[in-house]
Amino acid sequence: MDNFIRDVIKQFALQEVGHLSTVKGFPRPLLNLSAESFAKVVDNAFEKQLVPSFDPYSSGVNFLLTSYLIPYVGLTGYVGASPKLQDPKSKGLVAGLLGVESGQDAVICALLYEHAHKKVKPYRITVAEFTNRFSQLRNKLGNAGVKDEGLVVVKSEGAEGSITGNVLASDKYSVAFDRTPEEILRIVYGSGDEHKLGGFYPKGADGHIAKSHLPKA
């Protein structure tokens, strides 16, 4: 990872610390961010085992691809939650979090888009194809239609049906996609089922909605 990407990612990490400090009582469930966990997601996206296994920490491009996997899912969750909030303070907080999360996603996508047609070493697969596969997997797991797109799409799916570049995913009106909590759980669990924990959350998420979908003890 070069110094520039390292600097950007460190800024994002510290911003996330700030988010946790802002949201009092925010659940902190066990996370599995191991190389093996990410490699499994990548294998699922390509429907085969990559050889060698994908290592998220081996290069700057790999780390950016790994970063592409998660923040956008949270972003769509904020978009989905915003209209349902009643308390003005909660609305303001979600708007503030969404602003930063969408900014992080835009930076990650822009950095990847610069290399969209370059092949990721040692695979004969382009950066754009990686993002397309990741987006297809999230759509499949979310099981709620198309709410995700890669960095390069067919022209008819680009902005105004006029371009193949897709540095920011959005619907046909260039409005951000939204997801329900259940859709997000299906994706981050990697199971396609909000009742079946796993993936990045081996013991499940820890919020009220997540717990409501777990089997009663």
Side-chain angles (χ1 to χ4, degrees), residues 1-23 26 28-46 49-79 95-138 148-153 159 163-170 176 187-188 190 199-201:
M1 187 185 305
D2 62 36
N3 290 333
F4 176 75
I5 293 178
R6 187 184 301 276
D7 181 39
V8 170
I9 296 300
K10 185 175 182 179
Q11 291 178 49
F12 289 174
L14 293 172
Q15 289 168 0
E16 295 304 319
V17 172
H19 290 178
L20 291 173
S21 300
T22 299
V23 184
F26 194 87
R28 291 170 172 78
L30 177 68
L31 284 169
N32 182 2
L33 301 179
S34 65
E36 293 76 17
S37 178
F38 283 107
K40 183 176 180 180
V41 174
V42 175
D43 288 347
N44 287 341
F46 283 93
Q49 185 174 357
L50 295 189
V51 180
S53 294
F54 183 84
D55 184 352
Y57 306 112
S58 66
S59 71
V61 168
N62 280 26
F63 196 87
L64 288 173
L65 284 169
T66 302
S67 300
Y68 177 89
L69 275 171
I70 299 177
Y72 178 73
V73 177
L75 185 161
T76 56
Y78 285 133
V79 175
L97 293 171
L98 177 58
V100 174
E101 293 293 331
S102 59
Q104 291 177 358
D105 179 67
V107 170
I108 291 168
C109 288
L111 291 172
L112 286 171
Y113 188 70
E114 183 180 8
H115 305 285
H117 299 291
K118 293 182 180 179
K119 292 181 179 177
V120 178
K121 297 179 181 179
Y123 316 106
R124 301 178 65 181
I125 305 169
T126 65
V127 167
E129 180 62 15
F130 265 90
T131 65
N132 289 341
R133 292 282 189 156
F134 291 169
S135 292
Q136 289 167 11
L137 177 64
R138 292 187 297 212
D148 221 305
E149 298 171 330
L151 292 176
V152 177
V153 296
I163 196 166
T164 59
N166 196 47
V167 72
L168 293 179
S170 58
I187 295 169
V188 298
F200 296 117
Y201 293 86

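Side chains of Y201 and L31 form a contact here, defined as non-hydrogen atoms less than 4.5 Å apart.
For E36, the side-chain contact (heavy atoms from CB on, under 4.5 Å) partners are S34, not counting sequence neighbours. Residues satisfying the side-chain contact (heavy atoms from CB on, under 4.5 Å) test with V107, not counting sequence neighbours, are V8, F12, L111.
Atom-to-atom distance recorded for D7:CG and D2:CG is 10.0 Å, nearest 0.5 angstrom. Atom CG in L75 sits 11.0 Å away from atom CG in L97 (nearest 0.5 Å). With rounding to the nearest 0.5 Å, the separation of CD in E101 from OG1 in T76 is 10.5 Å. If you take CD on E16 and CD on Q104, they are separated by 4.5 Å, rounding to the nearest 0.5 Å. Here CD of Q49 is found 11.0 Å from CG of N44. Values are rounded to the nearest 0.5 Å. Going from atom NZ of K40 over to atom OG of S53 covers 12.5 Å, rounded to the nearest 0.5 Å.
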Show your reasoning for whether side chain to side chain contact (heavy atoms under 4.5 Å, CB included) applies to V152 and T126. CA-CA 11 Å; V152 177; T126 65; over 6 Å; no
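Taking both residues in full, the closest heavy atoms of P56 and T66 are given as CB-OG1, 2.9 Å, listed atom of the first, atom of the second, then distance. Residues L65 and F134 share a closest heavy-atom pair of O-CE1, 3.6 Å. Of all heavy-atom pairs spanning R138 and L69, the tightest one is NH1-O, 2.8 Å. Of all heavy-atom pairs between G150 and S135, the closest is N-OG, 3.5 Å. Of all heavy-atom pairs spanning I163 and V153, the tightest one is O-CG2, 4.4 Å. Closest non-hydrogen pair, P52 versus P122, comes out as CD-CG, 3.6 Å.
Screening T131, N132, N166 against L151 for a side chain to side chain contact (heavy atoms under 4.5 Å, CB included) leaves a single residue, T131.
Each salt bridge (Lys or Arg N to Asp or Glu O under 4.0 Å) pair with one or both residues in residues 121-133, not counting sequence neighbours, appears once here: E129-R133.
Ring geometry for Y57 versus F38: interplanar angle over 60°, hence perpendicular rather than tilted (30 to 60°). In this structure, F130 and Y123 have tilted ring planes: the angle between them lies in the 30° to 60° band.
With hydrogens and angles ignored, the 3.5 Å screen pairs no side-chain donor or acceptor of D148 with any backbone N or O of Q136. Panel note: side chain S37, backbone L33; no donor-acceptor pair is recorded below 3.5 Å.
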